[in-house]
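The next block holds one structure in the form of structure tokens; read it before the comments.
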Amino acid sequence: MKAQQDQLVIYNSLKGEKEPFVPLVEGKIGMYVCGPTLYSEPHMGNMRTFINFDLIYRYLIHLGFQVKYVRNITDAGHITNSAGQEVDSIGAAAKAEQLHSLEIVYKYALKFQELQRVYNMLPPNIEPTATQHIQEQIEIIEQIIANGYAYQVNGSVYFDTRRYMQDYNYGILSGRKVDELENETRTLNAQDEKRFFADFALWKKANPDDMQVWRSPWGNGNPGWHIECTAMSTKYLGQQFDIHGGGMDLKFPHHEDEIAQSCGSFGCNPARYWMHANMLNVNGQKMSKSFGNYFLPKQILDGSTGLFEKSYSANVVRFFIMQAHYRSNLDFTQEALNASEKGYLRLMEGLKTLDHIQTTATTSFDVAALISSFYKAMNDDFNAPILVAQLFEAVKHINLINDGNASITIADKSELKAAMEVFIHDVLGLAAESNATETRLAPVMDLVLDLRQQARANKDWTTSDQIRDGLTKAGIIVKDAKDGTTWN
RNA sequence: GGUCUCAUGGCCGAGCGGUUAGGCACCGGUCUGCAAAACCGUCUACAGCAGUUCGAAUCUGCUUGAGACCUCCA
């Protein structure tokens, strides 16, 4: 697998181009991905990012890397709203639901865990929370102050962007120029404590009505939004690690500020490769809480989104996501979902058919080249859509063999089967769907279809069609094939 | 307003200078008692205008349109 490792190319947002992936320590990877803020249930757009990084994680593991995957849970922190005020979104949700902040976080953490299970996502190795790392955050803030890149005002601490810019490039990730930003930024709030508009809070003095407050050298307060990621990534992956990921919308200011904090405290950019997953769109616009055009991952499973006529399984949704590259926008539409549902079923059927096909002395197509195309696709910045296309290429060959129009040797068959299973199940994370009802129904259906087969043998079409129509009404579709009858 | 990204066949979506992406739909066929399903085949697009090149969806410029970020968001 070493050879395949060496060919991996990743698009690095930091440079705006693809580059060969070389880990800091051979064979090992440290990866940090910004997780959800648990003040509400993650919506489908949030899930797309996590599913994409799950794909990346899975492929890195498959390549044989020893990956340490850290994804945080934000359960504290003050962010800046449009009015320039620091706001505690979790606290606000707690008040609205008349619960304690920790109840809110726990409630949604459980839901998030359930979603990860349903969408077949591998759990990260560590899932740290901000509230459990207050001390680490304080220590980094102290370091930044000691290095001269932060100042305290009235119980709060702010990052000194102007001072930082004398030594480092603020905007290295997002490409923003601070002097340009200044012109377009709304006028500073009169009572703002910041010295400069681009400064951001590292620590924020407590408000009288805050539910959660922590002690610090600067008095009681809350950590700023960005500092938790710096603290936790440093603690578990070190001052510099391989991959830092997150949604495109976190690029600025969140990730830019993380870089500033790391440089300001340790003197280096925390990650060598920055990866950003693109947004999920609904009707051409980013799915977003503030736009209100979002639906929940569970709604698509039970058909209650209000946008689509029917429900879709988690595997179908996952497959749908895999058919678009992680750096592209993806439009959620009914037609596209239906297409994915059929495609997913076709792929899974193909894999099943592979088990039954007859082998011969020769193979009529290049199996090794096909398998190598799977790797080639994923090695090119995790191009899952190409991988899927190549898997369909394999399905086509399988069906041709099944119809007697192509051939495969026993050795090639077992190689192809192994490769397809690895890429479909382990890399793409698609599971074969089976449900308990089907298992219970199977003996009954065998009996019914047996009776129908007898009627058909006797050319008793009335009875055989009566059975078929009756089953159709019950939602069971009978499929007659030359080698027997199946149903679903 | 600033910065950036993108515009691909009916729909979703790859593509990074020369070859069929792929899936779905449509249409044709095979199979079938009929039907459905399944399978096979077909459909050959690249916003517009100009340029670079032997050759451009792919590079450059302009035009038009869309989106993201600049404020919380994955």
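Predicted, not measured: the structure shown is a model, and the values here were computed from it.
- Atom CE in Met322(A) sits roughly 19 Å away from atom C1' in C24(B) (whole-Å rounding).
- Residue Asn399(A) has its side chain nearest to C39(B) when only C69(B), C39(B), A74(B) are considered.
- Across all strands shown, the partner of G51(B) is C59(B), judged by Watson-Crick or G-U wobble contacts whose two distances both fall under 3.5 Å.
- The CE-C1' distance, from Met348(A) to A38(B), rounds to 18 Å in whole Å.
- Spacing between A45(B) and U8(B) at atom P, rounded to whole Å, works out to 15 Å.
- If you measure from atom NE2 of His276(A) to atom C1' of A68(B), you get 13 Å, rounded to the nearest angstrom.
- Atom C1' of nucleotide C11(B) and atom CG of Asn329(A) are separated by 17 Å, given to the nearest angstrom.
- When rounded to the nearest whole Å, the span between CG of Asp249(A) and P of C69(B) equals 6 Å.
- Looking at the side chain of Ala339(A), the nearest of the listed nucleotides C24(B), G15(B), G22(B) is C24(B).
- Within the 4.0 angstrom heavy-atom criterion, only backbone atoms of the sugar-phosphate kind lie near Ala336(A); the bases stay farther away.
- Within 4.0 Å of Phe291(A), counting heavy atoms only, lie sugar-phosphate atoms of the nucleic acid but no base atom.
- Across all strands shown, C11(B) pairs with G23(B); the Watson-Crick or G-U wobble distances both stay below 3.5 Å.
- Among the atoms of the strands shown, only primed sugar atoms or phosphate atoms (P, OP1, OP2) are found under 4.0 Å from some heavy atom of Ser328(A).
- Nucleotides U60(B) and A7(B) place their P atoms 13 Å apart, quoted to the nearest Å.
- If you measure from atom CD1 of Ile56(A) to atom P of A74(B), you get 17 Å, rounded to the nearest angstrom.
- Ion pairing between a basic and an acidic side chain is recognised when a charged N comes within 4.0 Å of a carboxylate O; Asp465(A) and Arg468(A) show such pairing.
- No hydrogens or angles were tested; on distance alone, a donor-acceptor pair under 3.5 Å links the side chain of Arg176(A) to the base of C69(B).
- Each of Arg468(A) and Ala389(A) lies near RNA chain B, and the nucleotide nearest Ala389(A) is the one positioned closer to the 5' end.
- Residue contacts for Ala277(A): at a heavy-atom cut-off of 4.0 Å it reaches no nucleic acid atom on any strand shown.
- Judged by distance alone, with hydrogens and angles left aside, the side-chain atoms of Ser464(A) form a donor-acceptor pair with the main-chain N or O of Trp461(A) at under 3.5 Å.
- Considering only the side chain of Lys18(A), C16(B) comes nearest among A14(B), G23(B), C16(B).
- If you check every strand for non-hydrogen atoms under 4.0 Å, His43(A) touches a base.
- Atom name C1', nucleotides C54(B) and A68(B): the rounded distance is 40 Å, in whole Å.
- With respect to the salt-bridge test (charged N to carboxylate O, under 4.0 angstrom), the residues Glu393(A) and Lys396(A) do not qualify.
- Within 4.0 Å (heavy atoms only), Asp480(A) reaches at least one base atom of the nucleic acid.
- In this structure, Gln334(A) reaches neither bases nor backbone, as no heavy-atom distance under 4.0 Å exists between it and the strands shown.
- Contact annotation for Met47(A): no contact, since no heavy-atom pair falls under 4.0 Å across all strands.
- Distances were taken from every side-chain heavy atom of Ala324(A) (C-beta onward) to each of G10(B), A36(B), A14(B); the shortest belongs to A14(B).
- Taking 4.0 Å as the cut-off between side-chain N and carboxylate O, Glu349(A) and Lys352(A) count as a salt-bridged pair.
- Heavy atoms from other residues, nucleotides or ligands lying under 6.0 Å from OH of Tyr108(A) number more than 12.
- When heavy atoms are screened at a 4.0 angstrom cut-off, Arg346(A) is found touching the sugar-phosphate backbone but no base atom.
- Distance check on atom C1': A25(B) versus A66(B) gives 25 Å, rounded to whole Å.
- Each of C12(B), C24(B), C39(B) was ranked by its minimum atom distance to the side chain of Lys342(A); first place goes to C24(B).
- The partner of U5(B), taking Watson-Crick or G-U wobble pairs whose two distances both stay under 3.5 Å, is A66(B).
- Aromatic stacking is not marked for Phe50(A) over A74(B), as the cut-offs of 5.5 Å for the centres and 30° for the planes do not both hold.
- The side chain of Lys396(A) lies closest to C40(B), out of G13(B), C40(B), C34(B).
- A side-chain donor-acceptor contact under 3.5 Å links Asp54(A) to the backbone of Leu122(A).
- Using a 4.0 Å cut-off between charged nitrogen and carboxylate oxygen, Glu114(A) and Lys298(A) do not count as a salt-bridge pair.
- Side-chain atoms of Arg456(A) lie closest to C34(B) of the nucleotides G22(B), C34(B), C24(B).
- Comparing A14(B), A74(B), C12(B) by their nearest atom to the side chain of Leu280(A) picks out A74(B).
- Taking the nucleotide of RNA chain B with the nearest heavy atom to each of Ser288(A) and Gly343(A), the more 5' of the two is matched to Gly343(A).
- C49(B) sits 25 Å from G13(B) when the P atoms are compared, rounded to a whole Å.
- In a base pair of the Watson-Crick type (N1 to N3 plus N6-O4 or O6-N4) or a G-U wobble (N1-O2 and O6-N3), with each distance short of 3.5 Å, U44(B) is matched with no nucleotide.
- As judged by a 4.0 angstrom heavy-atom cut-off over every strand, Val478(A) is placed among the base-contacting residues.
- What separates CG of Asn402(A) from P of C31(B) is a distance of 16 Å, to the nearest Å.
- Within the nucleic acid shown, Asp465(A) comes within 4.0 Å of at least one base atom, counting heavy atoms only.
- The side chain of Gln323(A) approaches G22(B) more closely than any other nucleotide in the set C34(B), G22(B), A74(B).
- In this structure, the CG atom of Asn278(A) is 12 Å from the C1' atom of C4(B), given to the nearest Å.
- Gly246(A) comes within contact range of the sugar-phosphate backbone alone, with a heavy-atom separation under 4.0 Å but no base atom that close.
- Of the candidate nucleotides A74(B), C70(B), G33(B), G33(B) has the atom nearest to the side chain of Trp461(A).
- Within the 4.0 angstrom heavy-atom criterion, no nucleotide atom of any strand lies near Asn281(A).
- By the 4.0 Å N-to-carboxylate-O rule, Lys95(A) lies too far from Asp88(A) to be salt-bridged with it.
- Between the Asp242(A) side chain and the Met31(A) main chain, no donor and acceptor come within less than 3.5 Å of each other.
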